[in-house]
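All figures in this text were calculated on a predicted structure; none of them were measured in a lab. We count residues from 1, following the sequence as given. Whatever order the structure lists them in is the order used to number ligands and atoms, beginning at 1.
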Amino acid sequence: MEPEGTNRVLQDVLTRPDNETCADCGNPEPDWASLTLGVFVCQACSLLHRSIPHISRVKSIRDTWEASEVEIMADLGNNAAQAKYEQNVPAFYYRPTHTDCKMLREQWIRAKYERNEFEFIEKQEPYTAGYREGFLWKRGRDNGQFLSRKFILSEREGALKYFNKQDARDPKAIMKIETLNATFQPAKIGNPCGLQITYLKDNSTRNIFVYHSDAKEMVDWFNAIRAARFHYLQVAFPGASNEELVPKLTRNFMKEGFMEKTGPKHTEGFKKRWFTMDDRRLMYFKDPLDAYARGEVFIGSKENSYTVLPGLPSTIQGHHWNHGITIVTPDRKFLFACETEAEQRDWIAAFQRVINRPMRPQEYAVEAHFKHKP
Ligand SMILES: [Zn+2]
């Protein structure tokens, strides 16, 4: 067959519904293929396939293809690969998308094709056993130094614990699975495997920052935490489907970044703070890696008299960033200033998303308990 004819046949294979999105991250219109695995992937994933050359040999769909190569892809394709390499992915297991960090996407590809974790369920023991212990590098609360600490995740106890000394009998902290969240934050933590673990203690948010030098170990911890959350929620919400529970296992923050804020009297001047929008909780910190939030603002729904407006009241004086945001709550107005118009737009969109969403019954309890620190 002439190359042109071969590439036309390849185009037909590419328009098959299963091949319209990247086999690994779901990105539309994949333009690379793995000839050895028989999958179509996006360019970003094709670069990760290059890190496992003994498993995957990639080729651009724009190259010239041999008829035999096209035949391989026609016989296999993303559906067939999914049936083989994803046959036993646990419901709680995190499946990355194209916006996730490189480490998560690379480990997903390695778990599927290199370690064959989802073909042989005995390989899933690190995150399915309900118990996991090991050492992680944990950032010191005040000095910012990473020190090796022993962690234990126990589903039976419903907690993640860590110990300050290797022979200590009592844990330094007990983090209940119920309020635990974990999210990869490589840029903020300054490590490609940096994981932020957030939990509630006495209704205020506490952060710890950890990493493991081995990416597989870190992703195993992450999925072990998701498994523990899954099993906890299955008991807490009997009858709920996997589709309802899985989005609740871990949350990525809706937005993070610096803004300026004033106190409740609006006269003390604007101070620069790091803000994290975690669902309806807007938390602020002096430094992105602070253990505790300086304060938190609960953002309810429009039905409950929460509004977000661009700009600041005209009476506001003093020096501050140019792009203001006013959040009106039933109790008070919160004033923020953004450095750029793009930041202002992104923050307003994030606030608007939760304001437009009706409040769930349990969120009224959070609102009622909410203690705002000025
Ligand atoms: Zn991809």
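- Contact check on Arg229 versus Glu178 returns no salt bridge, with no Lys/Arg side-chain nitrogen under 4.0 Å from an Asp/Glu carboxylate oxygen.
- Residue contact annotation: His98 places no N/O/S atom under 2.8 Å from the Zn ion (ligand 1).
- Rounded to 10°, the angle that SG of Cys45 and SG of Cys42 form at the Zn ion (ligand 1) is 100°.
- Geometric assessment of Arg206 against the ring of Tyr292 yields a positive cation-pi assignment under the 6.0 Å and 45° thresholds.
- Residue pairs that meet the salt bridge (Lys or Arg N to Asp or Glu O under 4.0 Å) test with at least one member in residues 13-23, sequence neighbours left out, are Arg16-Asp18.
- When SG of Cys22 and SG of Cys25 are joined through the Zn ion (ligand 1), the resulting angle is 110° to the nearest 10°.
- Taking the charged nitrogens against the carboxylate oxygens, Arg105 and Asp24 have no contact shorter than 4.0 Å, which rules out a salt bridge.
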